[in-house]
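Heavy atoms only: backbone and side chains are in, while hydrogens, waters and symmetry mates are out. All residue numbers in this chain count up from 1 along the given sequence. Note that the coordinates shown come from a computational prediction; the quantities given were computed from them, not determined experimentally.
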Amino acid sequence: SGRRLRAHCPQKPMSQLPPGLLLLDTGIYIRASRGEDYAWLGEDSQVFQRTILTAVVAAELYAGTRDHREKRALDNLCRAHHSLGHFSSPPTTAWTEAGILLRRAHQSFGQMDFHHHFRDLLIALEAVRMGATLLTENVRDFARWKMILSSTRGTLKLFNPAEAT
């Protein structure tokens with residue numbers, strides 16, 4: 001959801017993050033906005049300046065807003081990323097590539113829920129395109145995309161911040 005990205009109780013800053021650009025999966029933003037974890041996301045300006053927000057994640061976050069206040073907070077988050085030049089959107093080629101890779105994954109892994117995995121694959125493709133490390137708690141699903149992407153052109157770098165805190 002689009003609440004402020006600060007937890008109610010102070011947490012120590014995340015010092016174990018990988019270097020370089022970071023792209024956060026939707027679940028990381030949701031947990032941070034609910035104050036469940038990842039307070040460093042809203043408190044560490046250096047982390048924020050390295051973070052890319054993809055339109056795919058923003059769309060998922062907008063879909064989950066519950067009121068105008070959450071929507072305005074998300075509007076502010078998107079504007080802040082725009083001002084840094086860190087708001088990205090998958091190019092048209094990524095959409096078709098995602099379809100091709102989903103077909104390949106279906107051949108390798110069997111039946112898959114298209115709607116759920118399509119967005120995840122777009123997020124993974126965007127992380128690869130931007131050269132960013134994808135922060136996600138959903139490492140199991142994204143490890144599948146990492147394997148599929150390695151057979152093409154991309155190296156997906158994954159990091160689970162829940163294991164590092």
Side-chain angles (χ1 to χ4, degrees), residues 1-99 115-139 141-142 145-146 149 154-162 164-165:
S1 82
R3 291 185 183 172
R4 288 183 64 197
L5 296 177
R6 288 190 185 269
H8 299 300
C9 56
Q11 297 175 357
K12 59 183 179 179
M14 174 57 87
S15 60
Q16 300 173 345
L17 287 173
L21 294 174
L22 308 169
L23 194 148
L24 283 58
D25 188 21
T26 309
I28 302 296
Y29 283 106
I30 290 171
R31 290 196 43 155
S33 70
R34 291 178 181 165
E36 295 172 5
D37 211 344
Y38 312 126
W40 46 264
L41 180 59
E43 296 170 352
D44 190 333
S45 64
Q46 291 179 340
V47 170
F48 185 80
Q49 291 172 8
R50 297 191 302 134
T51 302
I52 295 170
L53 176 63
T54 178
V56 179
V57 168
E60 289 182 324
L61 292 170
Y62 274 114
T65 57
R66 295 175 286 197
D67 57 36
H68 290 295
R69 187 178 53 100
E70 287 183 2
K71 193 239 180 234
R72 280 191 304 273
L74 187 51
D75 290 342
N76 290 336
L77 179 69
C78 290
R79 273 194 294 280
H81 280 288
H82 270 291
S83 71
L84 289 173
H86 287 185
F87 191 92
S88 70
S89 181
T92 55
T93 55
W95 292 85
T96 54
E97 183 179 3
H115 292 87
H116 173 73
H117 293 289
F118 188 72
R119 291 187 307 267
D120 283 353
L121 186 50
L122 284 172
I123 292 167
L125 285 166
E126 194 65 359
V128 170
R129 184 176 79 86
M130 301 301 292
T133 299
L134 177 61
L135 273 61
T136 183
E137 291 181 347
N138 186 11
V139 174
D141 282 345
F142 280 103
W145 301 126
K146 180 177 182 167
L149 285 165
T155 300
L156 178 60
K157 299 176 281 187
L158 297 174
F159 182 81
N160 184 349
T165 54

Could you go step by step and tell me if L24 and V57 meet the side-chain contact (heavy atoms from CB on, under 4.5 Å) rule?
CA-CA 8 Å; L24 283 58; V57 168; over 6 Å; no
[Y] backbone acceptor or donor facing [X] side chain under 3.5 Å:
X: H86; Y: T51; answer: yes
X: K146; Y: V139; answer: no
X: D25; Y: I28; answer: no
X: R129; Y: S89; answer: yes

Just say parallel, tilted or perpendicular for the rings of H82 and F87, cut-offs at 30° and 60°.
parallel
Classify the angle between the aromatic ring planes of W145 and H117 as parallel (below 30°), tilted (30 to 60°) or perpendicular (above 60°).
perpendicular
What distance do [X] atom [atom1] and [Y] atom [atom2] have between them, rounded to the nearest 0.5 Å?
X: L53; Y: Y29; atom1: CG; atom2: OH; answer: 4.5 Å
X: Q49; Y: L22; atom1: CD; atom2: CG; answer: 12.0 Å
X: R79; Y: L74; atom1: CZ; atom2: CG; answer: 10.0 Å
X: H68; Y: D75; atom1: NE2; atom2: CG; answer: 11.0 Å
X: F159; Y: T133; atom1: CZ; atom2: OG1; answer: 9.0 Å
X: L125; Y: D120; atom1: CG; atom2: CG; answer: 11.0 Å

Closest approach of [X] and [Y], non-hydrogen atoms and distance?
X: V128; Y: T155; answer: CG2-O, 3.6 Å
X: A94; Y: P90; answer: CB-CB, 3.8 Å
X: S88; Y: M130; answer: CB-SD, 4.2 Å
X: L17; Y: W40; answer: CD1-CZ3, 3.9 Å
X: A132; Y: I52; answer: CB-CD1, 4.3 Å
X: K157; Y: G131; answer: NZ-O, 3.2 Å

Please walk me through it: do E126 and T54 pass side-chain hydrogen bond (donor to acceptor under 3.5 Å, both in side chains)?
CA-CA 7 Å; E126 194 65 359; T54 178; 4.5 Å; no
Student check: side-chain heavy atoms of F48 and L84 closer than 4.5 Å:
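Contact flag for F48/L84 side chains = yes.
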So do the side chains of T26 and V56 get within less than 4.5 Å of each other, counting heavy atoms only?
no
